[in-house]
Trainee: 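Quick one: structure below, then a few questions.
Numbering of ligands and ligand atoms starts at 1, following listing order.
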Amino acid sequence: MITLHHCHEARSMRTLWLLHEMELDFDLKVYPFGRELRTPEYLSVHPLGRVPCLQDDGLILFETGAIAEYLVEKYPEKGLGRPPGDPERPHWLQWLHYAETVAVHGATLTQQHIVIYEDRDRSPLLMKLERRRLEKTLEVLDNHLSDGREYLLESGFSAIDTNMGYSVHISRFFTPLAAFPHLSAYYDRLSARPAFLKSLPEKPAIYHKPFYDLPPEPAG
Ligand SMILES: N[C@@H](CCC(=O)N[C@@H](CS)C(=O)NCC(=O)O)C(=O)O
């Protein structure tokens, strides 16, 4: 039996969404996003106390990209991977890992805007720099999607769209997606999928505002 360790709105949403897309049975253990991830019990499952972590009988696996590869290989009949030898395999791998390139900027911005509580402890310079770097990663996706494809691969939806979809989902809190019309249409398609909707929490857990703007520039 599969168990997913999850915090609402964290990267483990990728795995939750994928499990729903695959229509697999699983147990879900939900933790608040905070110190509860650092208990000795959870640290014995994930050595950094992060999410996601997937347990499948005796196997313990962390890292969303590895978990996605594991699941699509274990259940090839679901058609959400592109196996070695498939002409789309190299790009399937590229976009799977690029999802983390996008997500790290979202994670830094989450830390700056939300996890760091006091304004005086935040860095306006880092916020500005990370937003710009996030936008550059989104530009690449927007260009890639500009040829009219519906999902990242021409052949259609696959597990990489759940990993990337989460990264785009989080990016919207820090930069307006409207600046990227093809990416915005891609996000609209993804966020209408029933499995995506099932992976959302009933109420916000991390992102309590619709948008986290840059702090105002100092006067003078
Ligand atoms: N590269 C890892 C990143 C995992 C990660 O950093 N998860 C964050 C949530 S988005 C976490 O658990 N943070 C809790 C903490 O650092 O205390 C993956 O894709 O699984």
Trainee: Using 4.0 Å as the upper bound for N to carboxylate O, is an ion pair formed by Glu100 and Arg11?
Mentor: yes
Trainee: Is it true that the side chains of His6 and Tyr31 contain a donor and an acceptor less than 3.5 Å apart?
Mentor: no
Trainee: If we ignore hydrogens and angles and just use 3.5 Å, is the side chain of Tyr212 paired with the main-chain N or O of Lys209 as donor and acceptor?
Mentor: yes
Trainee: More than 12 heavy atoms of other residues, nucleotides or ligands under 6.0 Å from CZ of Arg122: yes or no?
Mentor: yes
Trainee: Around ligand 1, what residues show up once you keep those with a heavy atom under 4.0 Å from it?
Mentor: Ala10, Arg11, Arg14, Phe33, Leu37, Arg38, Arg50, Val51, Pro52, Glu63, Thr64, Glu100
Trainee: Using residues 57-71 as the side-chain source, report each donor-acceptor pair under 3.5 Å to any protein atom, sequence neighbours left out, with the distance given to one decimal.
Mentor:
unit_1, atom_1, unit_2, atom_2, d
Asp57, OD1, Met1, N, 2.9
Thr64, OG1, Arg14, NH1, 2.9
Tyr70, OH, Asp56, OD2, 2.6

Trainee: Could Arg193 and Glu21 be called an ion pair, given the rule that one side-chain N must be under 4.0 Å from one carboxylate O?
Mentor: yes
